[in-house]
Amino acid sequence: MADPGPATRHGARAIVGAFEAAGVSLVPSVPDTWIGWLMEDVRRSTKLRVVDVTREEEAVAIACGAALCGTRAAVVIQNAGLLNCGAIVGSLVQLYRIPCFFLISYRGDERDPTYYHVPKGRATEATLDAWDIRYACAGGPGRIAAQIAQGFTWTEEARAPFALLFGAEDLA
Amino acid sequence: MSVPRKAWLDALAADLGADALVVASLGANARYMPHLPIKAAHFALCDAMGAAIPLALGMALAKPERPVIALEGDGSLMMALGTLATVGAARPRNLTILLFENRHYESSGGQDLPRVEVDFVAVARASNVPIAERVDAASALSKALERARTAGPAFYLLPTAYDPSEAIPPYSERPDEIRLNFARRLSAR
């Protein structure tokens, strides 16, 4: 799916609004194409600070540091980056029971049958299950804001990580 | 010339105010942490190699009014060298990184790091960290920390003696205790 363009990215704007409504301050992120579209809107927010990182594990640690100080952060990464994060999820998020909210672009599922994304798509949900990360798939631009709010509530109540998987259609 | 780790930590403890936040990387720094006479909120990592600096960065961005100090080892930093670029891009003025360089994986038995002379100070400078220096004596640490408080982020390399016979205390706090003690000290200030 091509970029719907800034004027018609209703889902992306809903995500920004949901982050702001949830009191998120920091958005540590590694981009992919879809996240690049989303981040154009996130960077326009005066309430959200994007923290550009070099590896996804850093994004997780930054979010945990913020959470330990009472500040909400959203880790925005691709599922390739999620697959990098096994050690940090186990040895920081799960070990210390720190709330951590992930928004993950879900490449390689049936909606995105790009050959080089497919192996990641096949492994994503199985990996989340194996790492005991609660997750949901975004239900479109009309539902995603509520799902973000629920995700933050869940991760803090459970003191465990939560991941919301989104596709390009969820940004449109 | 390298300095015993405990001498660095004693100098740090003498300088730390109660408003500081400290993150210790896994191994010796984390194991010493509960035994230091400090009132600062501190968070010791038991396992997560390479996480001390980004964890401290998250704290520094969340609490810009408080000094945040990351204690990192050279082996851990090698595992996540890009994090210096992340710090250089974010440039939190309240973040200080102390790199304990002893060229060994001390927490896993003292194995050698890859046999290459990495100039970490040069890497930090090249990563846009405004203060990146080597500190050669524990007596000089206080002045370095003072400068970092007004012009950070700062990266200080601390040449540290590797002593296989050093009596490092065992881990004495569990993760839940570490998190709860950190929260208690954070809010006490």
Side-chain angles (χ1 to χ4, degrees), chain A residues 22-31 39 43 47-77 81 84-102 131 155-156 158-161, chain B residues 21-23 25-26 30 41-66 68 70 72 76 79-92 94-95 127 171 173-187 189:
Chain A
V24 170
S25 298
L26 301 176
V27 185
S29 179
V30 178
M39 283 299 166
R43 289 180 201 277
K47 297 177 180 173
L48 304 173
R49 176 171 179 174
V50 176
V51 186
D52 297 308
V53 304
T54 65
R55 291 274 294 185
E56 292 80 1
E57 299 97 312
E58 292 176 54
V60 175
I62 288 167
C64 287
L68 289 166
C69 290
T71 293
R72 278 183 167 175
V75 174
V76 181
I77 57 177
N84 287 340
C85 288
I88 195 80
V89 167
S91 61
L92 184 64
V93 182
Q94 303 276 29
L95 183 64
Y96 291 87
R97 300 173 61 229
I98 302 171
C100 191
F101 177 89
F102 294 79
W131 294 350
T155 190
E156 289 170 2
R159 292 203 154 277
Chain B
L21 311 180
V22 182
V23 176
S25 60
L26 79 166
H42 51 272
F43 193 93
L45 293 167
C46 309
D47 190 36
M49 278 188 82
I53 295 172
L55 189 67
L57 174 58
M59 293 178 183
L61 295 173
K63 293 285 182 191
E65 74 282 10
R66 297 179 71 158
V68 180
E72 184 58 294
S76 287
M79 194 173 276
L81 205 51
T83 202
L84 292 178
T86 299
V87 170
R91 287 179 76 100
N94 57 329
L95 177 63
S127 301
Y171 286 112
E173 291 180 326
R174 290 301 179 108
D176 275 339
E177 287 178 87
I178 292 168
R179 190 192 74 242
L180 292 169
N181 286 337
F182 180 85
R184 182 174 49 78
R185 290 187 179 215
L186 179 74
S187 61
R189 183 61 194 179

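Convention: sequence-line order gives letters A, B, ...; per-chain numbering from 1. Keep in mind that this is a model prediction, so the values were computed, not measured.
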Quick one: salt bridge (Lys or Arg N to Asp or Glu O under 4.0 Å) partners of E56(A), sequence neighbours excluded?
none
Close side-chain approach of I62(A) and L55(B), heavy atoms under 4.5 Å:
no
Can you name the salt bridge (Lys or Arg N to Asp or Glu O under 4.0 Å) partners of R91(B), sequence neighbours left out?
none
How far apart are the closest heavy atoms of C46(B) and L95(A), and which atoms are they?
CB-CD2, 4.3 Å
Pick one of side chain, backbone, both or neither for L68(A), based on which atoms fall under 4.5 Å of a heavy atom in chain B.
both
Straight-line distance of C69(A) SG to L21(B) CG, nearest 0.5 Å
5.5 Å
Chain B shares the most heavy-atom pairs under 4.5 Å, among T54(A), I98(A), V50(A), L26(A), with T54(A)
Any L61(B) side-chain heavy atom under 4.5 Å of V51(A) side chain
yes
So, the part of A51(B) with a heavy atom under 4.5 Å from chain A: the answer is both
Check whether A183(B) gets within reach of chain A through its side chain, its backbone, both or neither, counting any heavy atom under 4.5 Å.
neither
Once rounded to the nearest 0.5 Å, what's the spacing between atom SG of C64(A) and atom CZ of R179(B)?
11.0 Å
Please state whether the side chain, the backbone, both or neither of E58(A) comes within less than 4.5 Å of a heavy atom of chain B.
both
Residue from P175(B), A62(B), S187(B) scoring the most non-hydrogen pairs under 4.5 Å with chain A is P175(B)
Highest number of heavy-atom pairs under 4.5 Å with chain A: which of V23(B), D176(B), L57(B)?
D176(B)
Can you name the nearest heavy-atom pair linking F43(B) to L92(A), along with the distance?
CE2-CD1, 4.3 Å
Does the side chain of R55(A) reach to within under 4.5 Å of the side chain of M79(B), using non-hydrogen atoms?
no
